[in-house]
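A short write-up of the structure that comes next.
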Amino acid sequence: EDEIRKIYEPIVSKAREFYDESECQMSNAEFALELEKRFGPDLSFTVCPVLGINEGACLVLLTMLVKNEPFVVSDRRQVPR
């Protein structure tokens, strides 16, 4: 879990700033779409390949990390608790 947080950290810190500025006024789906627009290329080239997960899973995990939601690491795949 710590390894995953470290890999995501540069993106999470920027995404968290955006989340705080938006005052959480978006639905989860709207927030995920905004994250994809803003950070999709960074995820695709710097995070997803390192973790060996697809872009959708990568985006879901970013959303969870920004919102400080718990996740479980199992066989290098992340799933909500």
Find out whether Tyr8 and Leu51 are in side-chain contact, i.e. whether some heavy atom of one side chain is under 4.5 Å from a heavy atom of the other. yes
Separation of Leu61 CG from Glu69 CD (nearest 0.5 Å): 10.5 Å
Calculate, to the nearest 0.5 Å, the distance between atoms CG and NZ belonging to Leu35 and Lys14 respectively. 13.0 Å
Heavy atoms only: give me the nearest Leu43-Pro49 pair and the separation to one decimal. O-CD, 4.0 Å
So, Arg16 side chain and Leu65 main chain: donor-acceptor pair closer than 3.5 Å or not? yes
Work out which heavy atom in Ser13 is nearest to a heavy atom in Pro10; give both atom names and the distance. OG-O, 3.1 Å
Pair Lys37 + Glu34, salt bridge at N-O below 4.0 Å: yes
Side chain to side chain contact (heavy atoms under 4.5 Å, CB included) partners for Glu30, two or more places apart: Met26, Ser27
Please identify each residue that fulfils side chain to side chain contact (heavy atoms under 4.5 Å, CB included) with Asp42, with sequence neighbours left out. Ile11, Phe39, Thr46
Hydrophobic cluster identity match, Val12 and Leu33, side-chain contacts under 4.5 Å: no
Hey, what do you get for CD (Glu55) to OG (Ser44), rounding to the nearest 0.5 Å? 3.0 Å
If you take all heavy atoms of Pro70 and Met64, which pair is closest and at what distance? O-CE, 3.1 Å
Donor-acceptor contact present, side-chain Tyr19 to main-chain Thr63, <3.5 Å: no
